[in-house]
Structures are given as C-alpha cells and as structure tokens.
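Each ligand, and each atom within it, is numbered from 1 in the order the structure gives.
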Amino acid sequence: MPKYAEVLVNVANRRLDQSYYYVVPENMDLKAGMIVIVPLKNRRVQGLVTRISTELSEISEDVEIRPIEAILEGESLIPEELLELAVWLAETTICPVAQALHTVWPFLKGKAEQWYIPQAGMEDEDVKVLELLDPDTFCVLKVLNRARRGGLPEGVLLKRAKVRPGLLEEMLKQGWVKKELRFTKASSLGTKKSLPPTKENKVSSFLWQESPHQLTAGQAKAWQTIWDCYRKRKEETVLLFGVTGSGKTEIYREMVFQVLKDGGDAIVLVPEISLTSQIARVFLEQFGDLVGIIHSGISLGEKLALWEKILAGEKRIVIGARSAVFAPLPNLRLIILDEEHDTAYKQDENPKYHARDVARYRMKQRQGLVLLGSATPSLEAYAAAQRGIITIASLKERYNNMALPTVQIIDMKKELAKGNKSLFSIVLRQKLRERIQRGEQSILFLNRRGYSTFVFCRECGYVARCPNCDIALTYHSQKQKLCCHYCDYSQDVFDRCPDCGSRFIRFFGQGTEKVEEEVAALFPDVEVLRLDTDTTAGSNKHKEIIERFRRGEVPILVGTQMLAKGLDFPNVTLVGVISADQLLYRPDFRARERAFQLLTQVAGRAGRGVKKGEVIIQTYSPGDRAIIRAASQDYPAFFWEEISYRKQLNYPPFAHILRVILFQEKEEKVIRAANDLADCLKRTIEGREEEDYQILGPAPAVITKLKNQYRWQVSVKGKNPDILRQIVHSAVKAFFQGISSSGINLSIEVNPLAN
Ligand code: ADP
Ligand code: ZN
Ligand code: ZN
C-alpha cells in the first residue's frame with residue numbers, strides 16, 4: 001500500500017501555512033518531523049513532514065500526487081510527541097499547523113543551503129600537485145577536507161577559503177567537488193525523535209530538602225486523594241477545591257516533592273508569573289536549581305538555553321505562565337494549574353488554546369496527572385467533578401482556622417436616596433478612616449475600564465437585557481441604541497426607567513479612574529498606590545509596588561482585577577469593591593461566573609494575617625445571586641444556581657460555542673460578509689442530520705472597531721465540538737468562494753472565554 005506524507009512547506013515562515021500531500025517512495029525511511037525536498041508547481045522547496053498515513057481523505061482522486069524527492073534532514077526537527085501535540089492543537093483550535101508548531105517548539109527555524117563536498121582526499125597525487133599549480137583550488141579543498149560534516153555551505157566556504165565566487169562553479173565542472181542541498185538547523189535542539197527518559201532520577205540523587213512545613217490533617221487528606229490518583233498512572237485530572245488561604249501552595253509543593261522522588265518531572269502553571277512570584281519563591285527555596293522559570297521577559301536565546309537544560313534533565317520543575325505548558329520535560333508526569341479558572345490561561349492569538357486543554361492532552365500522552373487548583377473553580381471543572389469525570393479534593397478551612405472575612409453588601413441606590421452621590425458609600429469611607437487611624441492597610445478594587453457601556457437606573461438598579469439571550473445590552477454612541485452582541489437585537493435608549501419611572505439613568509463604563517482622585521480628596525495626607533496595566537507596563541514596576549505595599553509603607557492600594565490573583569498581604573484588613581455592577585453587566589454569558597470569582601478572590605485578600613478581615617461590596621444590584629453568594633463565600637450554592645441557568649439557556653458546559661469574527665476597514669463590507677457567512681452556516685446546518693445547532697448573529701463584536709477595522713461576529717452553538725468545527729470549516733470554505741469574502745479577515749475561536 002502506498003504511503004503518503006503531509007508536508008508543511010516553508011516552515012520557517014510562520015504566516016504561510018501550506019500543507020501538501022506527497023507519495024513516500026518505497027525505499028525511503030521517512031519519519032514525521034524530518035525536513036524533505038518536494039516539488040511545488042515548477043519549483044523545488046523544503047518542507048517539514050507533519051504526518052504520514054496510508055489514506056488521503058481530503059484530496060480528490062484526479063489530483064496528481066507527486067513523490068517526495070529527498071530527505072534533507074534525517075533527524076526529526078522536533079520530538080515526535082510535541083509534533084503530535086502541535087497537529088492536535090492546530091486541529092482543535094482551528095489554526096494553521098505552522099503557527100501551532102512555532103508555539104509548541106519555538107526553535108524550528110533553519111534553512112536549506114547549497115553545500116560543497118570534496119570529491120578527492122588531500123592524499124591524492126592530483127591534489128598535492130595543485131598546491132603549486134593552483135593555490136586557490138588547493139585552498140578550497142583543504143578547507144573542505146577539514147570540515148566536520150564532510151563539507152560546507154557555500155557562504156561559509158567562501159569566507160574561510162577567501163576565494164572568488166566563480167571558482168566554486170569551475171571546480172564543480174572540473175569534478176573536484178560536488179554540490180548538495182542540505183538543511184542547517186538554527187539550534188541543536190530537537191535532534192531526538194522522542195523525549196527520552198533521562199538517566200535515573202531516583203531517590204539516590206535526592207539532595208534537595210524536605211518541605212519546611214508539615215501538612216495539616218485536612219491538607220494531608222486532600223493530598224492523599226491526589227496522590228492516589230497520581231499512582232494509578234492513568235490520564236487523570238483532579239480538582240483541588242480549597243477556599244482562599246487554605247494552603248493550596250503547600251499541597252502543590254508536597255505533590256511536586258513526591259513526584260520528583262518518584263522519578264517524574266512537573267510543570268507548575270500560574271496565571272501571571274510576575275505577580276505570583278510567591279509560588280516561584282516557595283519552589284526555589286525548596287528545590288533550588290532544579291527549578292526553571294519561564295517569565296514573560298525571557299528571550300528566545302535564554303529560552304533555548306533553558307530548553308537545553310530541561311532536555312538534559314538538569315531542570316525537573318518548570319514554573320511559568322500559560323506557555324510553560326509546552327516545556328519539554330523528559331519525564332513529565334504532573335502539570336499543576338494554580339487558579340485554574342483564570343482567563344489568562346486562554347491565549348487570544350493563534351493558536352487560541354486553553355492551557356488546561358493542552359495540559360490534559362499532554363498528560364494523556366504520558367499517563368500523568370493534571371492538578372487544577374482554585375477557590376472558585378471554572379463552572380466547567382466543577383461540573384466535570386460533579387459528574388464524576390474528574391476527581392475532587394477539598395480544603396474547607398483556612399490554614400490555622402483563620403476566619404474568612406465578613407462581607408457586607410452596600411446598596412448604592414440607598415446611598416443616592418440619602419443624597420450621597422460620590423463613588424464611596426458612607427460605610428466604606430468610615431471604615432477606610434478607621435484603618436488609616438489603626439495603621440492597617442486597605443485595598444480598593446475597581447474594574448478595568450471596559451470596552452462596553454451599559455445603561456442602568458440608579459434608583460431601582462434596572463439594567464436592560466436582551467430578551468433572546470439574557471445578556472446585558474450595550475450602549476452604542478453612534479447609533480444611540482442599546483444592542484445585544486450575541487444576536488443583534490437592539491432597542492432605543494430610555495430616559496425614564498421602564499421599571500420604576502425614575503429619571504436617574506446612568507451610563508456606566510466610564511469614570512472609574514476617578515477613584516484615585518476621590519480617595520486623594522477624602523484623605524489628602526495619605527499616600528495611595530495604584531496597580532493596573534497602565535501603571536505597570538514593566539513587570540519590575542509591578543514588583544516594586546507590591547513590595548512597597550507588602551512592607552506596609554502605604555496604607556491604601558487601588559487596583560484592578562490583577563489584585564485578585566493570589567497575593568498574600570498579612571496587614572490588609574479591609575477590601576472595598578467600588579462597584580460590582582460593571583462585572584455583572586459585561587455582555588458575556590459568563591459575566592456572573594466572572595463576577596462571583598473576582599469578588600470571592602478579592603475578598604480572599606482580606607484578613608490573611610492575625611487580624612480578621614472585612615469586605616465591603618458596593619453595588620446597585622444587591623439582590624444578584626453572584627453577589628449574594630460571593631458575600632457568603634458559598635461556591636457550591638452559586639454553582640448549582642448558575643449551572644441550572646446555563647442549562648436553561650443552553651450555554652456551556654451544556655453546549656459549545658464557535659465564534660467567527662470578521663474584520664475589515666469598510667463597515668458595509670463587513671456587514672455584508674457577516675450576513676453571507678451566516679447564510680453559508682445556515683445552509684451547512686440544514687444539510688445535516690443533527691438538529692441541535694444554532695446560529696447566533698450576525699452582530700457587531702463587543703469591540704466594534706479595532707485598529708481601524710470594523711468587527712462583526714457570527715457564532716454557532718451546539719453539543720458536539722467536532723461537528724461544530726466541521727460545520728464552520730465547510731461554511732467558511734463556501735464563504736470564501738463568494739465575492740463578499742474578498743478582503744475580509746476572519747478570526748475563529750472555539751469556546752471563546754470573553755468578548
Ligand atoms: P491558598 O493558595 O489556598 O490561598 P496559601 O497556600 O497561600 O493558600 O496559604 C495561606 C498561608 O498559610 C500561607 O502563608 C502559607 O504559608 C500558610 N500555610 C498553609 N499551610 C501551611 C502548613 N501546613 N504549615 C505552615 N504554613 C502553612
Ligand atoms: Zn428604575
Ligand atoms: Zn441577544
């Protein structure tokens with residue numbers, strides 16, 4: 001039976017993604033990951049073999065399939081396991097294989113060059129004569145004969161021999177040398193066909209120290225559950241569900257310690273490495289040089305050096321943000337995702353992967369364990385645990401039985417009735433003053449300035465929602481309308497509340513930057529620190545601010561959601577949430593889940609020291625279930641309410657969503673194209689047996705204009721993600737055959753996390 005190879009041509013160019021099929025000649029020992037020479041139109045080009053199979057599913061029979069000409073690089077350029085991962089990544093996230101490859105293995109670059117190989121040895125009589133008759137030719141042969149790989153690329157040869165370029169052609173004609181196309185790798189990595197287990201890493205080489213802490217009884221029990229799963233050596237996922245301050249880090253540390261003792265390696269993922277240096281610190285303290293850290297500022301060269309150490313078995317633990325999930329640890333058996341619910345685990349650009357999915361795939365390849373940790377798990381993870389698909393281990397108490405903070409919800413409608421129009425409620429002002437007097441610290445939490453504005457009633461809290469999707473409507477200033485970003489429903493803006501008739505209608509979405517000003521006005525003698533993406537372009541500045549605050553030098557820290565990510569400040573006894581509403585009314589079906597998570601996490605920052613903490617949540621919607629449950633820190637109750645809501649409206653995890661964003665400079669063109677794409681989708685779905693696939697939109701994207709391009713979106717919702725992918729694939733293909741597609745850019749995303 002003939003074998004076929006899928007070859008990615010021009011792999012060094014990450015934007016081009018062209019895979020072609022070729023026949024593998026019978027006597028050729030071809031493996032995935034090798035570099036080959038193939039004919040393309042009337043040229044010969046190099047390419048990377050991504051797959052070898054006996055079937056040709058996507059090619060119609062009348063296409064002539066040509067054979068591979070030659071192998072250019074006989075050793076795989078990327079370990080097979082990671083190549084497999086890249087192909088899977090491209091498939092599941094619908095992105096070009098080339099982009100997935102560069103993400104998984106960032107050292108693929110290399111080039112094909114003309115090499116010169118000597119035809120005669122230096123001992124030959126003919127050559128000896130040359131030394132006198134033709135010193136230049138003699139010199140070329142001398143250089144070539146000394147070369148390690150039996151020859152040299154043209155450029156290098158000319159430089160070393162210092163001869164005129166024409167000479168090489170003459171020598172070729174005279175038969176002194178031959179010419180050959182060869183591949184030069186950019187790095188020495190990836191010459192191994194698979195990640196080999198390094199030499200024994202067993203107990204004998206066990207020099208690092210035990211943890212300085214003893215696990216509490218509750219922690220030991222949770223740890224045992226996780227360890228039992230690990231010991232099964234099946235692909236397993238465990239959710240470590242532990243309230244804030246329960247000591248999840250201690251459990252990670254003990255797991256890693258035991259896995260290392262068992263001969264395995266581990267990856268520890270954190271949402272943001274600059275902020276969570278806390279985890280890095282704990283691990284460095286205990287495991288020293290065995291820890292490799294991948295931070296955002298790492299250069300490709302430094303990464304290469306780290307990869308070499310990892311492959312050599314010198315690093316056994318890799319800590320980092322999202323992309324560290326690809327670290328090529330030879331004995332990888334454990335991947336931990338701390339704060340697994342965090343949206344930073346999803347990449348916005350191609351490949352739009354979620355680190356959790358990649359972790360699960362890698363541990364499936366390896367029969368290892370994925371450990372997800374959170375106080376506020378993603379609905380998907382907790383639902384999977386409830387259905388018995390993954391195991392759950394719980395930590396119900398804070399370490400040392402420290403009390404969870406008390407949370408008070410402040411109804412801002414009542415503040416208005418009392419005549420208080422400022423951003424701060426009377427209670428929050430008073431509590432802030434108390435903290436300053438007592439020398440304790442406070443955190444004020446506000447939301448990142450959103451892209452969207454919603455409209456609400458300051459007297460009764462009414463917010464307009466889409467009747468079809470139950471998503472908060474967003475105000476569009478150009479059209480002066482309230483619109484739904486899922487289905488394009490729209491209505492006029494009201495100047496009187498439809499519910500209570502009040503005229504106190506407010507446009508929310510601007511003005512949050514005023515918090516700092518208002519604090520300054522209230523407490524003119526007090527220094528205030530601010531932490532958000534604007535003030536912290538460089539990660540060092542981050543650190544500085546956090547360290548100053550940790551040392552207790554400044555009484556008040558104002559910050560965005562960055563604050564929610566696992567920081568541990570012992571002297572903070574008050575957390576004030578300026579407005580929970582902006583969280584609740586984001587145009588996203590996950591708005592409530594995010595709101596609950598953020599509020600709970602932020603509240604968890606209070607009272608982590610000896611003194612008990614207090615949290616104030618200000619809102620115009622004090623009755624919202626996300627706020628009530630966050631206030632009582634009751635995740636399970638929130639989960640059951642939210643999951644039944646999701647079921648009712650058929651949102652994930654009960655369905656999957658595949659979203660296509662179309663963008664282009666001319667708005668009319670984008671709208672027309674979006675409508676055509678929706679039609680193509682409709683026709684594709686109608687042609688299928690299954691009925692449960694639903695089109696949402698077209699509608700303007702939440703970010704309606706970005707970099708001068710208008711953006712519209714169309715989504716498809718349905719049960720089976722594979723079928724969704726097929727539907728979108730065929731529809732997009734049909735769409736590109738129509739005229740309205742010309743000049744239109746598409747961005748496709750599977751289960752988008754946010755807008
Ligand atoms: P979480 O990540 O669950 O919010 P942490 O891991 O940050 O909690 O733990 C909270 C605090 O309790 C940390 O300061 C940690 O050092 C301490 N702690 C937790 N468990 C132990 C233990 N078994 N022994 C000593 N200190 C502990
Ligand atoms: Zn009202
Ligand atoms: Zn809608």
Side-chain angles (χ1 to χ4, degrees), residues 211-223 240-254 268 270-271 276 278-279 281-283 285-286 336 338-340 373-376 393-402 404 413 416-417 455-474 482-491 494-506 550 564-570 587-589 600-601 603-610 620-621 649 651 694-700 702 713 715 717:
S211 163
H213 298 148
Q214 181 110 38
L215 293 187
T216 63
Q219 288 170 345
K221 193 163 163 256
W223 179 81
L240 174 60
F241 172 49
V243 297
T244 52
S246 57
K248 292 185 285 295
T249 316
E250 292 302 321
I251 302 224
Y252 303 153
R253 171 180 13 216
E254 188 61 20
V268 183
V270 291
T276 350
Q278 207 178 328
I279 284 204
R281 206 167 55 216
V282 164
F283 277 81
E285 220 174 71
Q286 193 178 350
I336 295 174
D338 183 38
E339 311 287 358
E340 66 86 27
S374 177
T376 52
S394 307
L395 290 172
K396 299 206 169 75
E397 271 133 34
R398 281 189 152 183
Y399 176 67
N400 263 344
N401 289 321
M402 218 131 49
L404 282 166
K413 301 191 298 274
L416 187 70
V455 180
F456 77 112
C457 168
R458 281 189 84 175
E459 253 177 285
C460 75
Y462 172 83
V463 173
R465 286 178 172 272
C466 171
N468 310 320
C469 313
D470 200 37
I471 300 295
L473 297 176
T474 304
L482 296 173
C483 306
C484 170
H485 284 291
Y486 279 32
C487 73
D488 204 26
Y489 167 88
S490 73
Q491 68 177 48
F494 41 85
D495 55 3
R496 255 172 194 281
C497 171
D499 242 28
C500 74
S502 158
R503 285 189 179 278
F504 274 104
I505 302 300
R506 180 156 156 198
R550 193 197 302 283
K565 293 180 182 166
L567 297 176
D568 196 6
F569 302 117
D588 175 6
F589 72 88
T600 311
Q601 296 283 345
R605 297 310 107 210
R608 290 173 75 92
V610 203
Y620 287 90
S621 311
L649 288 156
Y651 282 126
Q694 189 190 343
I695 297 169
L696 307 173
V702 172
Q713 66 187 37
S715 309
K717 198 158 81 167

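- Any N or O atom pair closer than 3.5 Å counts here, and G245 shares at least one such pair with ligand 1.
- Side-chain contact, Y252 with E250: no donor N or O sits under 3.5 Å from an acceptor N or O.
- L649 CG to K717 NZ: the interatomic distance, rounded to the nearest 0.5 Å, is 7.0 Å.
- In this structure, I505 and R496 approach most closely via the heavy-atom pair CD1-C, 4.2 Å.
- Between SG of C484 and SG of C466, the angle at the Zn ion (ligand 3) works out to 110°, rounded to 10 degrees.
- Under the ring-ring contact (aromatic ring centres under 6.0 Å, His included) test applied with Y620, the options Y462, F504, F456 reduce to a single match, F456.
- Centred on the Zn ion (ligand 2), the SG atom of C500 and the SG atom of C460 lie at an angle of 110°, reported to 10°.
- Note that SG of C460 is 5.0 Å distant from CG of D499, once rounded to the nearest 0.5 Å.
- Here's the thing with Q219: one of its N/O atoms is less than 3.5 angstrom from an N/O atom of ligand 1.
- Nearest residue to atom 23 (N) of ligand 1 from Q214, R253, E250 is Q214 (criterion: closest heavy atom).
- Per-residue contacts place V243 under 4.0 angstrom from the following atoms of ligand 1 (heavy atoms of the residue considered): 3 (O).
- Nearest to atom 9 (O) of ligand 1 by heavy atom, out of A375, G373, G218, G247, is G247.
- Residue contact check: S246 has heavy atoms under 4.0 Å from atoms 1 (P), 3 (O), 8 (O) of ligand 1.
- For ligand 1, the atoms closer than 4.0 angstrom to any heavy atom of T244 are 4 (O).
- Look at L395 and you'll find every heavy atom at least 4.0 Å from all atoms of ligand 1.
- For the residue pair R398 and T244, a side-chain donor N or O sits within less than 3.5 Å of a side-chain acceptor on the partner.
- Side-chain contact between H213 and R253 is present, with heavy atoms from C-beta onward closer than 4.5 Å.
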